[in-house]
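Some notes on the structure that comes next.
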Amino acid sequence: AEGECSGGLVDMYSAKKGGKGGAAVMPEISHSRDTLYINVVVKNGAQVINNELERLAKTRWEQDRSASVEAQAQAKAAAGDKSATPTAAAGGLPPKRREFEWFRHIAQLNIVRLAGLALASDFTPRRIAVQLSNDLYRLMTPRMRKRGVSIETEIEYRVGAYFVLGVNIKEIDWAVLMRHTHREVEERKRQWREEKIKKELAEAANALQGKEGSDGEEGEKEKKTTSGWRIMYHFYIPSLLELVAQCLAWLHRVHWIISVPTCHFWYHVLLRDTMRRYVVATTIDEIFQYVERKGMEMDLEVCAARMQASFMLSALRELRADERELKKKKAEAESGEDGGMIVGPLLGPDIKEDKGGPTPPAGWDPPDNLEDINFEMELPVGFRRLRWALLHKDSKFQLDAFWVERQYENIVVGEWSEHNDHIGLPNVPAGVNEESFVDVSQEYEFLMPKSAFVKANMCYDKRSIIEYNDHCFTYHAVTRSPEVPYGNTFLVHTQVVITNRGNNKCGIVCSVEVEFPNGPPMIGRQIKSGARAGTAESFVLLGETVCRYADEYP
């Protein structure tokens with residue numbers, strides 16, 4: 001409720017606005033060119049999608065079971081008295097079953113839209129923003145004091161899921177801050193070494209089980225590529241904040257007679273603004289931990305006073321645009337209208353083999369998903385038809401439908417490295433072995449639209465087929481975004497698994513994982529959160545686009 005947050009505590013911002021003693025509880029801070037502003041927008045995470053899909057799936061399962069029981073009862077009655085059920089005698093479905101199948105078809109076409117609405121809804125983010133803004137106000141000062149930093153804070157502004165926290169740094173105990181920074185830097189390095197060892201052991205185990213590709217030349221090529229990435233990252237300092245952290249960690253090993261005056265010189269003469277931003281940024285990891293425990297994601301930006309007004313204006317403009325889009329989606333869902341533009345039959349023609357039942361290969365197991373599963377559901381489109389739309393060189397589905405919805409620009413799509421004419425065909429010609437499609441790759445690039453938190457930037461993708469048969473196809477994409485902050489420190493891995501469920505239906509599972517080739521930077525959690533949120537929106541939109549075209553061109 002407005003004016004109250006978690007645990008029944010008073011909402012400081014509402015109390016201050018309403019004049020209910022809030023000014024005494026949360027005194028206003030003085031504003032100067034040294035004031036820093038933490039801008040936060042709370043978002044729904046992939047868990048919201050999963051919860052909504054699980055709820056809808058449970059409802060459909062219960063209805064399916066009820067309809068099946070009734071259909072069996074009517075079939076038995078028809079066997080005893082054929083005149084009792086004219087529909088069954090005519091070879092059709094019982095009326096109740098036929099009604100359920102119609103409902104099932106409609107539900108499949110709209111279930112992704114409902115998941116998209118759940119992802120775009122701001123009800124839960126609003127509530128979490130109230131809690132988070134108050135918790136940051138109460139807890140940030142004592143947390144920073146443990147780092148040797150004395151601050152004063154105030155909730156400057158809050159609307160919906162967006163809030164701004166003003167911070168003034170009053171005093172810094174450099175000896176304490178150096179000790180704390182050294183501990184954090186060493187802990188990040190230790191965790192990265194452990195993760196690296198686990199990954200190498202897992203890769204070795206997979207190699208022993210024969211799950212790795214048998215092509216030695218390709219494996220050697222991949223090994224060289226990975227080594228090159230690591231060498232490049234090893235000598236690269238991703239940002240001034242990382243440089244400040246590393247220098248403070250090194251100075252911790254030096255006697256205080258040298259280290260403390262050095263810090264004062266840097267702070268007051270050379271790097272005042274950068275070091276102030278670093279001090280505030282040291283709390284970002286804890287903020288993201290808090291939001292992750294709530295099953296949410298968020299965007300966060302620390303702005304200097306001279307940049308705050310323009311950034312805040314941009315953020316509010318984006319929030320208003322999102323609110324208008326949400327209202328439009330809700331209106332379309334309530335009216336049953338289709339909101340997107342239909343270019344044409346971009347999914348391709350209906351394929352007769354998709355009407356049969358699924359035939360998984362003997363001993364088949366689905367590929368392992370990546371770290372975070374963002375989207376999982378059933379799509380009302382045939383398996384071979386969707387495979388053609390997503391993989392074949394002549395398909396314009398992604399270029400003219402999906403990527404247009406994502407508002408990508410400057411799109412360049414390369415050819416498959418091998419079998420460019422055959423990948424995605426409903427039936428491959430004689431003499432072509434589908435197993436040879438595995439490990440074939442395709443590169444493409446595009447310009448991502450700008451947002452309040454990230455400027456427009458080029459992305460470079462390389463997707464590889466890791467499974468291909470008439471029951472399942474899977475592609476794994478690796479995305480580089482070198483133009484975004486810290487863009488040269490991470491790779492975003494996404495994986496899409498499509499399985500044949502027969503009767504013109506297929507299942508889709510989308511997952512994501514972020515890799516830091518040379519260890520995570522200090523804002524590693526923020527990067528992971530952004531990747532999860534961005535890919536969740538992309539996967540849901542892919543499902544919506546497929547359903548919309550399958551409905552228009554069944």
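Index from 1, following the sequence.
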How about [X] and [Y]: do any of their side-chain heavy atoms sit closer than 4.5 Å?
X: Thr499; Y: Phe383; value: no
X: Val130; Y: Arg126; value: no
X: Glu537; Y: Arg532; value: no
X: Val381; Y: Tyr553; value: no
X: Thr494; Y: Arg463; value: no
X: Pro366; Y: Cys472; value: no
X: Phe473; Y: Ile465; value: no
X: Leu165; Y: Tyr37; value: no

(request) Could you list the residues that satisfy side-chain contact (heavy atoms from CB on, under 4.5 Å) with Asn369, not counting sequence neighbours? (result)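 With neighbours one apart ignored, the set is Ile373, Gln495, Val497, Val509, Ser511.
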May I ask you to decide if [Y]'s main-chain N or O and [X]'s side chain share a donor-acceptor pair within less than 3.5 Å?
X: Glu297; Y: Lys43; result: no
X: Ser314; Y: Phe311; result: no
X: Glu378; Y: Ile508; result: no
X: Ser417; Y: Ser441; result: yes

(request) Could you go through the side-chain contact (heavy atoms from CB on, under 4.5 Å) check for Trp364 and Glu467 one step at a time? (result) CA-CA 11 Å; Trp364 178 82; Glu467 181 153 353; 2.4 Å; yes
(request) Could you tell me whether Glu415 and Lys393 make a salt bridge, using a distance below 4.0 angstrom between a side-chain N and a carboxylate O? (result)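 Result for this pair is no, no salt bridge flagged.
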(message) Tell me whether Asp354 is salt-bridged to Arg501, with the criterion being a basic N under 4.0 Å from an acidic carboxylate O.
(response)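 Salt bridge between Asp354 and Arg501, a charged N being under 4.0 Å from a carboxylate O: no.
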(message) What's the separation between atom NZ in Lys505 and atom CG in Leu379, rounded to the nearest 0.5 Å?
(response)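 Separation between the atoms: 11.5 Å.
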(request) Give, for atom CE of Met298 and atom CD of Gln526, the distance between the pair rounded to the nearest 0.5 Å. (result)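 Between Met298 CE and Gln526 CD, I get 7.0 Å after rounding to 0.5 Å.
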(request) Evaluate salt bridge (Lys or Arg N to Asp or Glu O under 4.0 Å) for Glu405 paired with Arg548, printing each intermediate quantity in order. (result) CA-CA 12 Å; Glu405 293 285 345; Arg548 188 168 65 251; 2.9 Å; yes
(message) Ring-plane angle category for His419 and Phe437, please: parallel below 30°, perpendicular beyond 60°, tilted otherwise.
(response)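 Rings of His419 and Phe437: tilted, as their planes differ by 30° to 60°.
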(request) Evaluate the ring planes of Trp388 and His392, with Trp represented by its six-membered ring, and classify them as parallel (under 30°), tilted (30 to 60°) or perpendicular (over 60°). (result)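 The rings of Trp388 and His392 lie parallel, inter-plane angle below 30°.
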(request) Give every residue pair that meets the side chain to side chain donor-acceptor pair (under 3.5 Å) criterion with at least one member in residues 451-461, sequence neighbours excluded. (result)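 For residues 451-461: Tyr444-Asp461, Asp461-Thr479.
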(message) Using salt bridge (Lys or Arg N to Asp or Glu O under 4.0 Å), reason through Arg525 and Glu286 one step at a time and then give a plain yes or no.
(response) CA-CA 9 Å; Arg525 285 185 184 273; Glu286 294 182 3; over 6 Å; no
Which residues share a side-chain hydrogen bond (donor to acceptor under 3.5 Å, both in side chains) with [X], sequence neighbours left out:
X: Glu318; value: none
X: Gln308; value: Asn39
X: His476; value: His493

(request) Flag yes if more than 12 heavy atoms outside Glu435 fall under 6.0 Å of its CD atom; otherwise flag no. (result)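 Incorrect, the count does not exceed 12.
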(request) Give the intermediate values and the outcome of salt bridge (Lys or Arg N to Asp or Glu O under 4.0 Å) for residues Arg384 and Glu353. (result) CA-CA 8 Å; Arg384 289 173 175 81; Glu353 287 91 341; 5.1 Å; no
Kindly list each side-chain donor-acceptor pair under 3.5 angstrom involving residues 396-404, sequence neighbours excluded, with atom names and distances?
| from | atom 1 | to | atom 2 | distance (Å) |
| --- | --- | --- | --- | --- |
| Gln398 | NE2 | Leu390 | O | 3.4 |

